[in-house]
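Read the structure below first, then the notes.
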Number of protein chains: 2
Amino acid sequence: MLATATAQNHAANVALVGQPKREVSPAGNRIAESLKLINDTLAVTRRLLHAGDSVYEAGERFESLHVVNSGIFKLVNLSPDGREQVVGLQFKGDWLGFDGIATGRHSCDAVAMDTGEVWTVRYDSLLQASARQPALMAVMHGAMSREMTRDRDALLSICTLPADARVAEFLHNWASSLSERGLRTDQITLRMTRAEIGNYLGMKLETVSRALSRLARDGIIEFSEGGRRDVRIPDLGVLSACVQRCVAPEGMLQ
Amino acid sequence: MLATATAQNHAANVALVGQPKREVSPAGNRIAESLKLINDTLAVTRRLLHAGDSVYEAGERFESLHVVNSGIFKLVNLSPDGREQVVGLQFKGDWLGFDGIATGRHSCDAVAMDTGEVWTVRYDSLLQASARQPALMAVMHGAMSREMTRDRDALLSICTLPADARVAEFLHNWASSLSERGLRTDQITLRMTRAEIGNYLGMKLETVSRALSRLARDGIIEFSEGGRRDVRIPDLGVLSACVQRCVAPEGMLQ
DNA sequence: CGTAAATTTGATACGTTTCAACCCTCGTGG
DNA sequence: CCACGAGGGTTGAAACGTATCAAATTTACG
């Protein structure tokens, strides 16, 4: 959804401008309602984590699923020979731990990128509760399905977009994720180093840095006066147009 | 699983050599038992497809899931601007259609790569049957979980391996998939063009061709006398060692 | 059998990585 | 208070791997 719904999201943002009271997007409602349902029908264990803490690690026995209530978490896949790859970023309402269901052991690390809270639910008790409350199962299946779609969109970007466009789309997706959750999208704080962003996008940190510099030079993004960790996005539409420009064969004024 | 279980799979193959009667691997049992359970407890619609036929297409309304009974199917993700990416290959026992659960519409195409059969089950009736037969739900969740893990392993390869190693690992994974299903792994027939393989692996067809030529020159694979569509793999261990060699920093004899 | 598609291979162009130098910020301790 | 060091970030120049373009060859198929 993230990668493909650029036009729609932009339209939704534009529509929001005229609203005096902040209206939550449909996706935002979905997330809020899902969290409410989980909270109401399950005995969750709340767990507070700080940057660098891991919710679970590869190889650990799988017993529970976790729902992100706040903060941002990265999923890191590791190969036996030491290569590692950030394969997902999870925001509020996203789930952690599905990778463990099949084998009974987790196949990647889930790490907090800043202070955040997860709600932990034993998988077996979730299944039991789902029998009484089918909506619960629907929420879980929806989360799994959405995650698969999102991962595939990420793969599409990595395989078909040049570095600059990947970085632009990354920023756009981050802003969209915030937007879905009713947060402001014009000013975003990346909780990742250039190296982490690069790993996630399949490029080196220098390439990320250069791409960001070019985006800033072209006025598509702006760095806050302080550090270069905060990014201002004057216009989300311009950002996604920038992605399209990288893809377009040649001279397309439109 | 595919990408990370190289050593184990090889060990399993070696163990099989001494057996006079063909023994099915643990994964093979899982697959056979899953198909049996589905067949016994659900009213499936069997559907025969030929190369190029699609099980479903992006945008289509989601109503059913499909289990591959024979043949190989590719999942193709499309972007609004026309880029397309093979994001998965599904073999016997794998499922098709999970991407539609979240939104009620499919987000990619599922296309037969040769003649094959899928068993189609309405999602709602599957949920009902799962209430009576929890093992059914376990099979479905296992399939989803396994697919997520496999996709992440593919992403890891694409982002961290050079072209030659990606092709070598692709062949190894293909052979492993056959092995899991009790099929011979020394002689495999790729049902994909170089362009399709390249798309799946995030490279151009010429690069695939060169990589295959190098593997053949080094004796790691052999082409059958007929076309270059059939590949013989004398030793799966040598193939995965070849992947490691590409990753190793420098001079590591062992 | 003839034609279109697929494959291989070479030469060159291009984008990203690599290596390196430098800058900035921030927390620490002399 | 400021020197200092560490980690993160930026930028340039050169090296590298893959893409692109082009041609020749083989294969598939009506």
Side-chain angles (χ1 to χ4, degrees), chain A residues 51-52 83 85 113-114 157-168 170-171 189-218 221-231 243 245-250, chain B residues 50-52 83 85-86 113-115 157-171 189-218 221-231 243 245-250:
Chain A
R83 290 169 288 137
Q85 179 64 37
M113 310 212 58
D114 60 344
S157 296
I158 286 175
C159 289
T160 63
L161 290 179
D164 284 22
R166 295 218 289 278
V167 172
F170 166 74
L171 293 173
T189 304
L190 301 176
R191 288 159 171 76
M192 309 171 75
T193 64
R194 301 291 186 256
E196 281 178 311
I197 297 172
N199 183 292
Y200 179 52
L201 298 177
M203 64 186 75
K204 295 295 158 189
L205 75 167
E206 295 94 330
T207 308
V208 176
S209 180
R210 284 183 235 271
L212 288 171
S213 296
R214 275 188 288 267
L215 288 172
R217 175 174 55 70
D218 297 347
I221 65 170
E222 292 167 18
F223 288 115
S224 301
E225 60 299 328
R228 285 169 206 76
R229 226 43 179 280
D230 289 14
V231 175
V243 175
R245 185 152 15 89
C246 295
V247 177
E250 203 52 39
Chain B
H50 300 95
R83 289 169 288 136
Q85 178 65 36
V86 177
M113 309 212 59
D114 60 345
T115 302
S157 297
I158 286 175
C159 288
T160 65
L161 291 179
D164 284 22
R166 295 217 289 279
V167 172
E169 194 174 272
F170 166 75
L171 293 174
T189 305
L190 301 175
R191 287 159 172 76
M192 309 170 75
T193 65
R194 303 291 186 255
E196 281 177 312
I197 297 171
N199 182 293
Y200 179 52
L201 298 177
M203 65 186 74
K204 294 296 159 188
L205 74 167
E206 294 96 330
T207 308
V208 176
S209 179
R210 283 184 234 272
L212 288 171
S213 297
R214 275 189 289 267
L215 288 173
R217 175 173 55 71
D218 297 349
I221 65 170
E222 291 167 18
F223 288 115
S224 302
E225 60 300 328
R228 283 170 204 75
R229 229 36 184 282
D230 288 14
V231 175
V243 176
R245 185 152 15 90
C246 295
V247 177
E250 202 54 39

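Side-chain atoms are counted along with the backbone in the values below, which use heavy atoms only and exclude waters and symmetry mates. Note on naming: letters A, B, ... go to the chains in the order of the sequence lines (proteins, then strands), and numbering restarts at 1 for each one.
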Euclidean distance, atom [atom1] of residue [X] to atom [atom2] of [N] [Å, nearest integer]:
{"X": "B:Phe223", "N": "C:dT9", "atom1": "CZ", "atom2": "C1'", "answer": "13 Å"}
{"X": "B:Arg210", "N": "C:dA11", "atom1": "CZ", "atom2": "P", "answer": "11 Å"}
{"X": "B:Arg194", "N": "C:dA5", "atom1": "CZ", "atom2": "C1'", "answer": "13 Å"}
{"X": "A:Asp164", "N": "C:dC14", "atom1": "CG", "atom2": "C1'", "answer": "14 Å"}
{"X": "B:Leu161", "N": "C:dT17", "atom1": "CG", "atom2": "P", "answer": "15 Å"}
{"X": "A:Glu206", "N": "C:dA21", "atom1": "CD", "atom2": "C1'", "answer": "12 Å"}

Quiz item: If you take all heavy atoms of B:Cys159 and A:Gly202, which pair is closest and at what distance?
Solution: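 Heavy atoms only, the tightest pair is SG-CA, 3.9 Å.
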
Practice problem: Identify the heavy atoms of A:Thr207 and A:Ala163 that sit nearest to each other, and give their distance. | Solution: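 So the minimum-distance heavy-atom pair works out to CG2-CB, 3.6 Å.
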
Quiz item: Knowing that exactly one of A:Arg245, A:Arg210, A:Arg214 qualifies, which makes a side chain to side chain donor-acceptor pair (under 3.5 Å) with A:Asp164?
Solution: A:Arg214

Quiz item: Counting only non-hydrogen atoms, which of residues 196-205 of chain B are less than 4.0 Å from DNA chain C?
Solution: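 Within this stretch, nothing sits under 4.0 Å of the strand.
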
Quiz item: Would you write out the dot-bracket form of DNA chain D, 5' to 3', with Watson-Crick and G-U pairs under 3.5 Å, [ ] for crossing pairs, | for pairs to other strands and . for unpaired bases?
Solution: ||||||||||||||||||||||||||||||

Are any non-hydrogen side-chain atoms of [X] and [Y] less than 4.5 angstrom apart?
{"X": "B:Phe170", "Y": "B:Met192", "answer": "yes"}
{"X": "B:Leu215", "Y": "B:Val231", "answer": "no"}
{"X": "B:Leu161", "Y": "A:Arg83", "answer": "yes"}

Polar side-chain atom of [X] near backbone of [Y] as donor-acceptor pair, under 3.5 Å:
{"X": "B:Ser213", "Y": "B:Ser209", "result": "yes"}
{"X": "B:Arg194", "Y": "B:Val208", "result": "no"}
{"X": "B:Glu222", "Y": "B:Ala216", "result": "no"}
{"X": "B:Asp114", "Y": "B:Ala51", "result": "no"}

Quiz item: Earliest and latest nucleotide of DNA chain D, 5' to 3', sitting under 4.0 Å from a non-hydrogen atom of chain B?
Solution: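 Here the contact window of chain B covers D:dT18 to D:dT27.
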
Exercise. Have a look at A:Thr207 and say if it touches a base, only the backbone sugar-phosphate, or nothing, with a 4.0 Å heavy-atom cut-off.
Key: base

Quiz item: Using a distance-only test with no angle check, is there a side-chain donor-acceptor pair under 3.5 angstrom linking B:Ser157 and B:Glu169?
Solution: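 Result is yes, a qualifying pair exists.
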
